[in-house]
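I have placed the structure first, in the form of structure tokens, so that the comments after it can refer back to it.
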Amino acid sequence: MEQTPGNTRGLTLVFTGNGKGKTTAALGMALRAWGQGMKVLVLQFIKGGWKYGELKAAEKLGPNFVMRQMGEGFIKGAGDDGLEAHRAAAQNALQEAKKAVVEGAADMIILDEINYAVHYGLVDLAEVLDIIRSKPPGVHLVLTGRNVAEEVANLADLVTEMKEIKHPFAAGIPAQKGIEF
Ligand code: ATP
Ligand code: MG
């Protein structure tokens, strides 16, 4: 569908759920936007949410496709000290996200794993809601991660829940190039 200027509208989109595909769905949309000449910014709240494959692709896509890894490694099993490091990194990511959204630094801004960061108490839900509300009308904002807060889902225009039916890890199949990294 051709978009006419009057038909252009920035959306808030959420990819959540336990099944695989949240970050890849966001990146697929980012590719689509990039192809339309739009500027894409991806901020990662928890390290590990994206892998070498997409980082290498982003490099090749050039200045209109920026990915920044802001977070620390996986949270599960982190001790108190580890959790503090996660919190500091997530807070840093949050400030960066706030600034980018308010300024409309890109046409599509993806906050990867931000839902997870809220769920683990690394960032305040209220601050995330503020970011969504402060979104300039033309900007697409994408929030990924398991356990999306109900209040975030309520503000979004689209919420898709990835549901696990099967995952190769359960059958002992290790991560495969092109699928997982
Ligand atoms: P992807 O990055 O592949 O789109 P995701 O963003 O939906 O996955 P995350 O919750 O960010 O998934 O999980 C990060 C890692 O855990 C990824 O390597 C992903 O493949 C893996 N993973 C996701 N869902 C499952 C699952 N149901 N069982 C086992 N591993 C999973
Ligand atoms: Mg992910």
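Along the sequence shown, residues carry numbers from 1. We count ligands from 1, going down the list as the structure has it; atoms in each ligand are counted the same way. When reading the values below, keep in mind they use all heavy atoms of this one structure, side chains included, and skip hydrogens, waters and symmetry mates.
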Salt-bridged, Lys56 to Glu59, with N to O below 4.0 Å? no
Interfacing atoms of ligand 1 (cut-off 4.0 Å, heavy-atom, Phe169): 29 (C), 30 (N)
Give the minimum heavy-atom separation between Leu111 and Phe45, together with the two atoms involved. CB-CE1, 3.9 Å
A student comparing Lys22, Met162, Glu164, Arg146 should find that the heavy atom closest to atom 23 (C) of ligand 1 comes from Arg146
Taking Thr12 for the side chain and Leu141 for the main chain, is one N or O donor matched with an acceptor at less than 3.5 Å? no
Specify whether an N/O/S atom of Glu113 falls short of 2.8 Å from the Mg ion (ligand 2). yes
So, 2.8 Å as the limit: is an N/O/S atom of Tyr116 located closer than that to the Mg ion (ligand 2)? no
Distance filter under 4.0 Å to Gly19 heavy atoms, resulting ligand 1 atoms: 7 (O), 24 (N)
Can you measure from OG1 (Thr23) to CZ (Phe15) and round to the nearest 0.5 angstrom? 10.0 Å
I want to check something: taking the side chain as every heavy atom from C-beta on, are Leu155 and Leu129 in contact at a cut-off of under 4.5 Å? yes
Going by the atom numbers of ligand 1, which of them fall below 4.0 Å from some non-hydrogen atom of Thr24? 4 (O)
How about Glu96 and Arg68: do any of their side-chain heavy atoms sit closer than 4.5 Å? yes
Find all atoms of ligand 1 within a distance of less than 4.0 Å from any non-hydrogen atom belonging to Thr23, and give their numbers and elements. 2 (O), 4 (O), 5 (P), 6 (O)
Under 4.0 Å between heavy atoms, the region of Thr144 that gets near ligand 1 turns out to be neither
Nearest heavy atom to atom 28 (N) of ligand 1: which of His167, Lys20, Glu113, Lys163 does it belong to? His167
Without swapping roles, check the side chain of Lys135 against the backbone of Gly10 for a donor-acceptor pair under 3.5 Å. yes
